[in-house]
Amino acid sequence: MPDIDRKIEIAKWLVDPDKRQILPDDLILLEARLSDLGLNKIYKEIELPLIEILEKMHKIGIKVDVTLLGKLSKKFLKETSSLEKQIYKKSGFPPAGGFNLNSPKQLSEILFEKLKISKEGVSKTKTGNYSTDVGSLLTIQGRHPIINLILKYRKIFKIQSTYIEPLRKLADKNQRVHTTFVQTGTATGRLSSQNPNLQNIPPSVRPVFIAEKGYKLVSFDYSQIELRVLASVANDKKMIEAFQKDLDIHKLTASQVFNTDIHEVTKEQRGFAKTLNFGVIYGMGPVAFARSSGLSIEEAKKFIQEYFSDFANIKIWQEKTINQARKQGYVENLNGRKRWLPQINSMNNWVAREAERVAINMPIQGLAADIIKLAMIKVAKNNSLAGGARMLLSIHDELVFEIDMKVLKNKVSEIKKIMESAYNLKVPLKVDVTMGYA
DNA sequence: GTCTACCGCGCG
DNA sequence: AAAGCGCGCGGTAGAC
């Protein structure tokens with residue numbers, strides 16, 4: 001039986017996932033609120049069953065190759081210290097220690113005051129300093145040889161300090177790390193992962209995750225789950241058809257907005273279309289689209305317009321969703337999962353626009369989250385796990401299992417099938433299987 | 001010493 | 001000023 005405090009925590013979170021309201025610690029009262037808000041089904045059929053599943057995943061953990069971690073640590077340490085030396089030399093501040101390379105504030109001073117690199121095209125931070133983020137460094141890359149070294153240094157230092165060292169530290173005697181999946185940590189219904197966060201492991205670090213002897217790691221990825229949800233929820237004919245035919249959705253989008261045959265779509269066109277597709281889910285405007293695609297704002301505007309005239313129902317759905325949010329003060333996904341948006345009627349235009357973007361994103365992200373949670377519950381229920389398969393990680397659109405090689409084939413097809421039938425949309429759900437944690 | 005805000009960046 | 005959603009975390013800097 002789940003702990004009562006955990007139930008209270010979940011109930012409060014379902015009532016107000018942004019945790020802005022002060023709610024009673026009384027489960028009876030909270031459960032009444034859940035009923036009033038139509039959240040009973042999610043509470044009983046998704047969140048409560050998930051408690052023990054997440055607990056089990058935490059206990060099992062995932063194995064890391066500690067020897068490999070040690071080797072990588074040594075290698076990266078060498079590389080960062082070499083880069084460090086070169087950077088200090090070029091900065092005119094040798095020896096090391098002249099300034100702190102990991103301080104954006106100090107680095108900015110060195111680059112723009114001491115070395116007098118032109119600030120043209122460099123954005124500013126919240127506190128008014130010149131930014132040293134990747135984007136800014138890339139725009140000034142050709143202006144001084146030190147920039148390339150800094151970019152390299154940043155990359156390696158990040159891997160070392162955020163992934164390699166913490167994984168070494170957190171591995172237990174069986175070389176396994178035990179992340180905590182936080183059930184009430186997001187405003188959309190997703191899970192989060194902490195201590196360590198195993199939902200943001202970059203590809204270069206993934207090889208350190210391994211299976212126990214006689215087992216294999218297997219990843220099951222939902223293909224384009226958010227776009228499938230969008231197509232289905234917005235009831236967009238063209239997009240639904242594309243998924244029913246299992247077309248390359250970004251290519252199809254490109255063929256629509258560029259008015260060309262789907263077979264003639266160039267790589268570049270597909271790239272624009274991909275940005276557009278994801279941008280639509282996030283409520284991206286012309287400015288952001290221009291910035292991330294390199295188009296002018298005018299061109300970006302035209303493409304967005306073209307997109308919405310090709311996929312007309314998406315625009316209609318977005319407007320309907322925003323209007324409902326204005327009237328009701330909240331948005332909800334198909335399962336009734338809710339998010340309150342008190343700011344949506346703000347007199348401050350920027351604040352209201354921000355709430356509008358949240359309004360059109362939550363029903364999509366939140367339904368995708370429900371789908372993978374339902375899949376987890378069904379897999380667990382089906383006793384798939386009993387005979388040599390363990391669910392280890394849940395990474396938004398992906399589940400990672402550790403499976404006994406003796407039963408590998410059967411388990412893989414079984415799990416894939418369960419995931420693909422976890423929820424009925426107007427389009428099929430598709431799962432890609434990869435051996436290892438790719 | 002502990003805290004918080006900020007910067008920056010990894011992932012879906 | 002910002003100008004695309006959702007997270008967690010390591011580092012610095014300043015307050016206490």
Side-chain angles (χ1 to χ4, degrees), chain A residues 17-18 99-108 123-137 150-151 153-167 169-170 179-182 184-206 219 221-227 230 274-293 297 300 304 318 331 339 341 348-366 368-369 372 393-400 437:
Chain A
D18 283 277
F99 70 99
N100 188 339
L101 189 46
N102 294 322
S103 163
K105 198 178 161 208
Q106 292 186 35
L107 179 62
S108 168
S123 57
K124 285 197 177 182
T125 67
K126 213 176 185 174
T127 47
N129 292 312
Y130 284 97
S131 170
T132 67
D133 65 10
V134 178
S136 299
L137 292 183
I150 295 169
L151 285 166
Y153 170 84
R154 279 255 179 94
K155 190 130 211 154
I156 299 168
F157 187 81
K158 172 87 178 177
I159 300 281
Q160 173 79 330
S161 64
T162 308
Y163 302 102
I164 304 296
E165 289 309 324
L167 286 175
K169 218 179 76 194
L170 292 169
T179 186
T180 301
F181 287 102
V182 183
T184 57
T186 72
T188 55
R190 276 186 173 184
L191 298 169
S192 71
S193 154
Q194 60 181 202
N195 300 317
N197 181 358
L198 294 185
Q199 291 179 325
N200 71 344
I201 303 295
S204 63
V205 178
R206 288 181 198 174
S219 320
D221 272 79
Y222 277 114
S223 163
Q224 310 287 11
I225 189 166
E226 290 194 346
L227 283 174
L230 174 66
K274 187 175 175 183
T275 306
L276 265 176
N277 275 328
F278 284 108
V280 165
I281 294 173
Y282 304 149
M284 181 172 58
V287 177
F289 180 45
R291 193 165 46 79
S292 55
S293 62
I297 293 181
I304 293 173
Q318 290 188 340
V331 281
R339 183 168 182 186
L341 299 170
N348 181 328
N349 199 17
W350 164 252
V351 171
R353 280 286 301 133
E354 200 172 28
E356 287 171 17
R357 292 195 297 272
V358 172
I360 58 173
N361 174 259
M362 181 274 169
I364 308 301
Q365 191 181 122
I372 197 158
L393 302 178
S394 177
I395 315 174
H396 310 309
D397 64 350
E398 173 186 13
L399 296 175
V400 179
Y437 175 35

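The chains referred to below are lettered A, B, ... by the order of the sequence lines, with proteins before strands, and numbering in each begins at 1. Both backbone and side-chain heavy atoms feed into the values below; hydrogens, waters and symmetry mates do not.
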Nearest 0.5 Å please: distance from the [atom1] atom of [X] over to the [atom2] atom of [Y].
{"X": "A:Phe289", "Y": "A:Thr275", "atom1": "CZ", "atom2": "OG1", "answer": "6.0 Å"}
{"X": "A:Arg154", "Y": "A:Asn102", "atom1": "CZ", "atom2": "CG", "answer": "8.5 Å"}
{"X": "A:Leu393", "Y": "A:Tyr437", "atom1": "CG", "atom2": "OH", "answer": "6.0 Å"}

Which part of the nucleic acid does [X] contact within heavy-atom distance under 4.0 Å: base, sugar-phosphate only, or nothing?
{"X": "A:Ile395", "value": "sugar-phosphate"}
{"X": "A:Gln106", "value": "sugar-phosphate"}
{"X": "A:Phe157", "value": "sugar-phosphate"}
{"X": "A:Gln194", "value": "sugar-phosphate"}
{"X": "A:Val205", "value": "nothing"}
{"X": "A:Arg154", "value": "sugar-phosphate"}
{"X": "A:Ser292", "value": "base"}
{"X": "A:Ala187", "value": "sugar-phosphate"}
{"X": "A:Pro203", "value": "sugar-phosphate"}

Which nucleotide in the set [options] lies at the smallest distance from any side-chain heavy atom of [X]?
{"X": "A:Thr186", "options": "C:dG4, C:dG6, C:dA3", "result": "C:dG6"}
{"X": "A:Asn197", "options": "C:dC5, B:dC9, C:dG8", "result": "C:dG8"}
{"X": "A:Pro202", "options": "C:dC5, C:dG11, B:dG10", "result": "B:dG10"}
{"X": "A:Lys158", "options": "C:dA3, B:dG8, C:dT12", "result": "B:dG8"}
{"X": "A:Glu354", "options": "C:dG4, C:dC9, C:dC5", "result": "C:dC5"}
{"X": "A:Tyr282", "options": "B:dG10, C:dC7, C:dG4", "result": "C:dG4"}
{"X": "A:Lys155", "options": "B:dG10, B:dG8, C:dG6", "result": "B:dG10"}
{"X": "A:Ser103", "options": "C:dG10, C:dA13, C:dC5", "result": "C:dA13"}

Identified stems (criterion: three or more consecutive Watson-Crick or G-U pairs, under 3.5 Å), DNA chain C: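 In DNA chain C, stems of three or more pairs: B:1-12 with C:5-16.
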
Is the phosphate of [N], meaning OP1 or OP2, less than 4.0 Å from a side-chain N or O of [X]?
{"X": "A:Asn195", "N": "C:dC9", "value": "yes"}
{"X": "A:Thr275", "N": "C:dG4", "value": "no"}
{"X": "A:Thr125", "N": "B:dC7", "value": "yes"}
{"X": "A:Ser193", "N": "C:dC7", "value": "no"}
{"X": "A:Arg357", "N": "C:dC5", "value": "yes"}
{"X": "A:Ser131", "N": "B:dG8", "value": "yes"}
{"X": "A:Arg291", "N": "C:dG4", "value": "yes"}
{"X": "A:Arg339", "N": "C:dG6", "value": "yes"}

Residue mapping more 5' on DNA chain C - nearest nucleotide basis, A:Gly279 or A:Thr162: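 Counting from the 5' end, the first nearest nucleotide belongs to A:Gly279.
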
Residue mapping more 5' on DNA chain C - nearest nucleotide basis, A:Pro104 or A:Val287: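 Whichever sits nearer the 5' end wins; that is A:Val287.
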
Gap between atoms [atom1] and [atom2], on [X] and [N] respectively (whole Å):
{"X": "A:Leu167", "N": "C:dC9", "atom1": "CG", "atom2": "P", "value": "12 Å"}
{"X": "A:Tyr437", "N": "B:dG12", "atom1": "OH", "atom2": "C1'", "value": "10 Å"}
{"X": "A:His396", "N": "C:dG6", "atom1": "NE2", "atom2": "C1'", "value": "7 Å"}
{"X": "A:Gln160", "N": "B:dC9", "atom1": "CD", "atom2": "P", "value": "17 Å"}
{"X": "A:Leu227", "N": "B:dG12", "atom1": "CG", "atom2": "C1'", "value": "13 Å"}
{"X": "A:Ile164", "N": "B:dC9", "atom1": "CD1", "atom2": "P", "value": "18 Å"}
{"X": "A:Leu107", "N": "B:dG8", "atom1": "CG", "atom2": "P", "value": "9 Å"}
{"X": "A:Lys105", "N": "C:dG10", "atom1": "NZ", "atom2": "P", "value": "23 Å"}

Whole-Å [atom1] distance, [N] and [M]:
{"N": "C:dA2", "M": "B:dC7", "atom1": "P", "answer": "11 Å"}
{"N": "C:dA3", "M": "B:dC9", "atom1": "P", "answer": "15 Å"}
{"N": "C:dA1", "M": "B:dC6", "atom1": "C1'", "answer": "16 Å"}

Do [X] and [Y] make a side-chain contact, defined as non-hydrogen atoms from C-beta onward lying under 4.5 Å apart?
{"X": "A:Tyr130", "Y": "A:Lys124", "value": "yes"}
{"X": "A:Asp397", "Y": "A:Asp221", "value": "yes"}
{"X": "A:Asp18", "Y": "A:Arg339", "value": "yes"}
{"X": "A:Phe181", "Y": "A:Leu198", "value": "no"}

Exercise: identify the closest heavy-atom pair between A:Phe278 and A:Gln224: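 Of all heavy-atom pairs spanning A:Phe278 and A:Gln224, the closest is CZ-OE1, 4.2 Å.
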
A:Gln318 versus A:Ile360, closest heavy-atom pair with distance: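 That would be NE2-CD1, 3.5 Å.
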
Partner of A:Leu227 under side chain to side chain contact (heavy atoms under 4.5 Å, CB included), chosen from A:Ile281, A:Ile364, A:Val280: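 Single pass found, and it is A:Ile281.
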
Test item: side-chain donor near acceptor, A:Ser193 and A:Thr179, under 3.5 Å: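 Present: a donor and an acceptor within the cut-off.
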
Presence of donor-acceptor pair under 3.5 Å, side chain of A:Asn200 and base of B:dG10: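 Per atom types, the contact qualifies.
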
Side-chain donor/acceptor of A:Lys126 to base of B:dC6, under 3.5 Å: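 There is none.
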
